[in-house]
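Notes for the one structure printed next.
For clarity, every value in this text was computed on a predicted model and none was experimentally measured.
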Amino acid sequence: MPDAVAGHEALDDINTGASVVAEGEIVASPAPGQETELRVTGIELLGAAPDYPLAKKRHSFEYLRTVAHLRPRTNTFGAIARVRNQVSMSIHHFFQEQGYLYVQTPILTGSDAEGAGQMFQVTTLDLQNLPRDAGPADLTQDFFGGPAFLTVSGQLEAEIMATALSSVYTFGPTFRAENSNTSRHLAEFWMVEPEIAFCDLSGLMDVAESFLKRIFSDVLTYCRDDMDFFDQRIQAGVVDRLQHIIETGFVRLTYTEAIEILERSGRDFEFPVYWGADLQAEHERYLTEEVFRAPVILTDYPASIKAFYMRLNPDGKTVAAMDVLVPGVGEIIGGSQREERYDVLVRRMQEMHIDPQHYWWYLELRKFGSVPHAGFGLGLERTVHFITGMQNIRDVIPFPRTPRNIEF
RNA sequence: UCCGGCGUAGCUCAGUCGGUAGAGCGGGCGGCUGUUAACCGCUUGGUCGCAGGUUCGAGUCCUGCCGCCGGAGCCA
């Protein structure tokens with residue numbers, strides 16, 4: 001930089017990470033690989049960056065997690081933030097265009113058995129000095145007069161709204177206190193949960209498929225540069241994979257048919273395959289990655305391995321549930337047609353040792369003008385995980401919460 | 001939580017049979033200059049995750065703990 005440039009003496013303090021104001025003229029560049037450049041006439045150092053932890057080179061994602069306050073400054077995390085933004089917008093656009101109502105469901109809940117995993121308990125009691133006489137703490141003195149938790153799903157409340165206002169969707173944070181140490185799990189993640197009035201399982205599958213295709217298509221259209229970046233630097237083939245999914249139909253298969261395929265495969269699976277067993281990750285991978293090489297929607301699982309609120313099929317053995325499985329990530333959507341028949345729902349709860357009294361308000365939806373309805377949950381981070389080809393879900397959310405990790 | 005692997009310089013890693021710790025990058029100094037993760041020379045840089053144990057001697061072997069990674073379970 002010529003000495004004539006105003007402020008050039010600041011150059012000694014301008015290194016990687018510094019913030020500057022540069023003035024000049026945008027001109028055509030003679031250099032290969034870029035069309036324009038800034039011919040600087042003045043430069044000012046706003047904030048120096050001595051001992052900046054991010055060198056001008058490649059860093060491991062593992063290291064970047066230890067500097068989560070700086071990693072959004074890297075090219076990869078910038079690209080992820082833009083894709084996340086686009087996916088979020090596409091979710092809203094898709095449902096808004098079809099007349100769904102965006103509703104907010106509570107983050108705090110008093111229901112301690114929503115059945116979707118371990119919950120975080122919330123309290124204002126002094127944990128060092130709990131009110132008690134020998135026995136357990138007296139929770140009637142707690143803020144809500146009883147136990148309170150962070151939600152694991154907005155589904156039950158969404159059903160309330162959907163049976164009043166027609167189709168709705170929620171989009172918010174969800175919390176699971178499972179001690180899961182994997183590349184696919186977070187303790188805090190964002191979930192989209194549409195609840196569709198007057199809808200059966202077949203209609204639900206149609207929504208799920210067109211929903212995912214819309215998200216993938218928008219990302220390829222509006223985040224093309226970022227997707228090319230992921231294709232070149234993170235995982236080769238992610239663009240073609242999305243393109244292929246958009247252009248082809250999802251495979252639809254019943255659980256029973258899937259079991260038959262697995263039994264006929266001749267494969268020696270670690271976990272045995274038989275009707276009634278829950279499908280293991282190895283079984284799902286075989287179906288999505290080897291047999292069909294495409295997203296697979298599995299339906300009609302045995303009632304014994306699914307939640308109480310899923311609608312019992314006429315065969316009396318299976319429920320109208322569906323899982324959307326994608327290659328590499330596994331389950332990206334889980335959903336079902338809901339049991340709208342009061343008597344059947346009560347019987348299912350009793351079979352699964354769930355106290356119907358705890359769900360009196362949920363049951364009343366079936367008592368007063370019940371309608372068929374269905375819904376599913378889509379994990380936002382699992383979706384961005386799949387789209388970008390990133391190896392670890394902790395790297396597709398700015399501030400991941402996992403066991404023993406909440407510093408940033 | 002279970003199984004397996006790993007933890008060495010600011011970062012990425014090597015370290016043989018147990019014998020007093022090394023490279024590249026980064027940082028600093030100098031040179032060069034149409035650069036794009038520049039280049040050339042010199043230089044700086046260590047509680048070998050923590051705590052014990054075995055040994056004349058431990059980065060290396062053993063035990064426990066902590067953390068990270070991969071897989072599994074749970075699930076979005």
Heavy atoms only, 4.0 Å cut-off, all strands: where does A:Leu186 land among base, sugar-phosphate and nothing?
base
Taking CZ from A:Arg71 and C1' from B:C11, how many angstroms apart are they, rounded to a whole number?
17 Å
Separation of B:C75 atom C1' from A:Arg401 atom CZ, nearest Å, is 20 Å
Are the ring centres of A:Phe94 and A:Phe211 closer than 6.0 Å?
yes
With RNA chain B as reference, determine whether A:Arg233 or A:Ser60 sits nearer its 5' end, using the nearest nucleotide of each.
A:Ser60
Taking it one step at a time, do A:Glu289 and A:Arg293 satisfy salt bridge (Lys or Arg N to Asp or Glu O under 4.0 Å)?
CA-CA 5 Å; A:Glu289 295 171 20; A:Arg293 297 176 189 278; over 6 Å; no
If you apply the rule side-chain hydrogen bond (donor to acceptor under 3.5 Å, both in side chains), what do you find for A:Ser153 with A:Glu193, and how did you get there?
CA-CA 8 Å; A:Ser153 166; A:Glu193 294 179 283; 2.8 Å; yes
For residues A:Asp300 and A:Thr318, is any side-chain donor paired with an opposing acceptor at under 3.5 Å?
no
Can you tell me the distance, in whole Å, between the CZ atom of A:Phe175 and the C1' atom of B:C74?
19 Å
From OH of A:Tyr52 over to C1' of B:C11, roughly how many Å is that when rounded to an integer?
14 Å
From A:Arg382, A:Arg176, A:Arg394, residue fulfilling side chain to side chain contact (heavy atoms under 4.5 Å, CB included) relative to A:Leu186
A:Arg394
How does protein contact run along nucleotides 67-72 of chain B, one letter per nucleotide 5' to 3', with B for base contact, S for sugar-phosphate only, - for none, heavy atoms under 4.0 Å?
SSSSSB
Within the structure shown, what part of the strands sits under 4.0 Å from A:Ile332 by heavy-atom distance: base, sugar-phosphate, or nothing?
sugar-phosphate
Under 3.5 Å, is there an N or O donor on one side and an acceptor on the other linking the side chain of A:His185 and the base of B:C75?
yes
Side chains of A:Trp275 and A:Thr256, donor plus acceptor under 3.5 Å:
yes
Under 6.0 Å from the ring centre and within 45 degrees of the ring axis: does the NZ or CZ of A:Arg311 meet both conditions for the six-membered ring of A:Tyr309?
no
Cut-off 3.5 Å, side chains only: do A:Glu159 and A:His373 have a donor facing an acceptor?
yes
Let's see if you can work this out: which of B:C11, B:C74, B:A76 has an atom nearest to the side-chain heavy atoms of A:Arg382?
B:A76
In whole Å, I'd like the distance from the NE2 atom of A:His59 to the C1' atom of B:A37.
11 Å
Rounded distance (Å) that lies between atom P of B:C75 and atom CD of A:Glu193
15 Å
Can you see if the side chain of A:Thr174 gets near the phosphate of B:A76 - specifically, an N or O under 4.0 Å from OP1 or OP2?
no
Is the NZ or CZ atom of A:Arg241 positioned over A:Phe386's six-membered ring, under 6.0 angstrom from the centre and within 45° of the axis?
yes
Extract the stems that RNA chain B is part of, considering only consecutive pairing runs of at least three Watson-Crick or G-U wobble pairs, both distances under 3.5 Å.
B:1-7 with B:66-72, B:10-13 with B:22-25, B:27-31 with B:39-43, B:49-53 with B:61-65
Taking the side chain of A:Ser29 as heavy atoms from C-beta outward, which of B:C74, B:A76, B:U35 is closest to it?
B:U35
Quickly work out the A:Leu325 CG to B:C75 C1' distance and round it to whole Å.
12 Å
Work out how far the C1' atom of B:U36 is from that of B:G4, and round it to whole angstrom.
42 Å
With P as the reference atom in both, quote the distance from B:C25 to B:C2 in angstrom, rounded to an integer.
43 Å
What is the distance, rounded to the nearest whole Å, between atom CD of A:Gln118 and atom P of B:U1?
13 Å
From CA spacing to verdict: salt bridge (Lys or Arg N to Asp or Glu O under 4.0 Å), A:Asp395, A:Arg71
CA-CA 10 Å; A:Asp395 299 325; A:Arg71 67 176 188 170; 3.2 Å; yes
Could you tell me how far B:C29 sits from B:U44 if I compare only their P atoms? Round to whole Å.
15 Å
